[in-house]
Amino acid sequence: MMIKEQREYLKAKEIFLSVQSEYDDLDAKFCRKLGVVNDSGKIPTHVWDIDDEEICDKAIDDFGRIVEENGMEARLNDAREDLRYAENDLINYLVGQITSDDTPEKALERSELRTRVAQAKNNVLWRDELLKAAMKLKPVGKEN
C-alpha cells in the first residue's frame with residue numbers, strides 16, 4: 001500500500017522517463033540523419049555531443065526548432081515540471097512525518113532537521129536520498 005504522494009511521484013516519474021526517452025530517440029535519429037561521425041568514429045546520439053563545434057551549433061539550433069515546432073520540448077518541460085512538483089510534495093510529506101515531542105531538545109532537533117531537509121531539497125544528491133527515504137514510508141492512519 002502506498003500513500004497518495006508516493007503514487008503521484010511514481011506516475012510523474014514514469015511519464016517523465018517516457019517523454020525523455022522519446023526525446024532522446026528523436027535526438028539520436030536526428031544525429032544519424034545528419035551523418036556526422038565524431039573523431040572517435042562513433043555517431044553521436046545527442047546534438048550537443050557532436051565534436052565539430054560549427055556542425056554542433058547548427059545541429060543544436062535545427063534540432064531545437066524541430067522539437068519546439070512538434071511540441072516535444074513543451075511536453076518534456078511539462079513532464080519535468082510535473083515530476084518536480086510531485087517530488088516536492090513527497091519530500092514535504094516526509095518532512096511532515098517528523099513527529100512532535102514535548103522536550104525542548106527534541107523540538108530543536110526537529111527544527112534543525114526540517115531546516116536541513118529544506119536546504120537539501122535543492123541539492124541533487126540529497127534530494128535523491130530524501131526521495132528514497134520518502135518512498136520507504138508506510139501509510140499511517142486513514143488511507144490517502
Side-chain angles (χ1 to χ4, degrees), residues 1-34 36-38 40 42-53 55-144:
M1 185 180 297
M2 300 178 105
I3 59 171
K4 177 183 78 164
E5 290 82 359
Q6 290 169 325
R7 289 189 304 270
E8 289 175 358
Y9 164 72
L10 289 177
K11 181 180 176 186
K13 186 174 181 178
E14 181 181 346
I15 291 169
F16 170 75
L17 291 175
S18 174
V19 174
Q20 178 71 55
S21 178
E22 287 180 51
Y23 184 94
D24 289 345
D25 290 346
L26 187 61
D27 196 358
K29 183 178 177 182
F30 181 83
C31 288
R32 283 192 306 274
K33 190 174 180 181
L34 285 177
V36 174
V37 178
N38 280 339
S40 65
K42 294 185 179 183
I43 298 172
T45 56
H46 301 284
V47 290
W48 47 261
D49 197 28
I50 296 172
D51 288 343
D52 184 299
E53 194 172 324
I55 294 172
C56 178
D57 289 343
K58 182 172 180 352
I60 288 172
D61 290 342
D62 292 347
F63 184 70
R65 272 191 296 280
I66 290 169
V67 295
E68 186 175 335
E69 288 172 4
N70 72 9
M72 177 61 75
E73 188 73 27
R75 284 182 54 219
L76 183 62
N77 289 337
D78 289 347
R80 184 180 290 120
E81 185 177 336
D82 290 348
L83 176 58
R84 185 70 173 196
Y85 284 130
E87 288 174 347
N88 286 341
D89 288 347
L90 184 55
I91 290 170
N92 289 337
Y93 181 83
L94 174 66
V95 172
Q97 295 307 300
I98 300 170
T99 58
S100 61
D101 195 309
D102 295 329
T103 66
E105 296 83 14
K106 290 292 182 184
L108 181 59
E109 287 176 21
R110 265 193 332 282
S111 175
E112 288 176 6
L113 182 57
R114 285 188 173 122
T115 299
R116 289 178 191 227
V117 168
Q119 292 168 343
K121 283 171 62 174
N122 295 316
N123 176 303
V124 174
L125 297 175
W126 277 105
R127 186 175 181 82
D128 189 48
E129 291 302 313
L130 290 171
L131 291 168
K132 287 178 186 174
M135 286 305 295
K136 293 178 184 176
L137 291 174
K138 303 288 184 223
V140 286
K142 67 178 189 173
E143 288 185 42
N144 284 316

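Since the structure is predicted, the reported quantities are computational estimates derived from the model, not experimental observations.
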Student: Show your reasoning for whether side-chain contact (heavy atoms from CB on, under 4.5 Å) applies to D52 and V36.
Tutor: CA-CA 9 Å; D52 184 299; V36 174; 5.9 Å; no

Student: Verify side-chain contact (heavy atoms from CB on, under 4.5 Å) between N70 and L26, making sure each step is shown before the conclusion.
Tutor: CA-CA 11 Å; N70 72 9; L26 187 61; 3.6 Å; yes

Student: Is there a side-chain contact between L10 and M135 (heavy atoms, below 4.5 Å)?
Tutor: yes

Student: Taking the side chain as every heavy atom from C-beta outward, state whether D89 and Y9 have any atom pair closer than 4.5 Å.
Tutor: no

Student: Does a salt bridge link R84 with E81, judged by any charged N lying under 4.0 Å from a carboxylate O?
Tutor: no

Student: In the structure I gave you, are the side-chain heavy atoms of I3 and E8 within less than 4.5 Å of one another anywhere?
Tutor: no

Student: Over all heavy atoms of both residues, which pair between V47 and C31 is shortest? Give the atoms and the distance, please.
Tutor: N-SG, 3.5 Å

Student: Answer yes or no: is there an ion pair linking K29 with D25, defined by an N-O contact shorter than 4.0 Å?
Tutor: no

Student: More than 12 non-hydrogen atoms from neighbouring residues, nucleotides or ligands closer than 6.0 Å to CD on E22, yes or no?
Tutor: yes

Student: Would you name the heavy atoms of I50 and I55 that are closest together and state the gap between them?
Tutor: CG2-CG2, 4.0 Å

Student: For F16 and Y23: C-alpha separation, side-chain torsions, deciding distance, then whether ring pair (Phe, Tyr, Trp, His ring centres under 6.0 Å) applies.
Tutor: CA-CA 10 Å; F16 170 75; Y23 184 94; over 10 Å; no

Student: What distance separates I66 CD1 from D61 CG, expressed to the nearest 0.5 Å?
Tutor: 11.0 Å

Student: Is there side-chain contact between R32 and T45, with heavy atoms separated by less than 4.5 Å?
Tutor: no

Student: Are the side chains of D82 and I15 in contact, using a 4.5 Å heavy-atom criterion?
Tutor: no

Student: Is it true that D62 and R65 make a salt bridge, defined as a side-chain N closer than 4.0 Å to a carboxylate O?
Tutor: yes

Student: Enter the distance from Q6:CD to L137:CG here, rounded to the nearest 0.5 Å.
Tutor: 6.0 Å

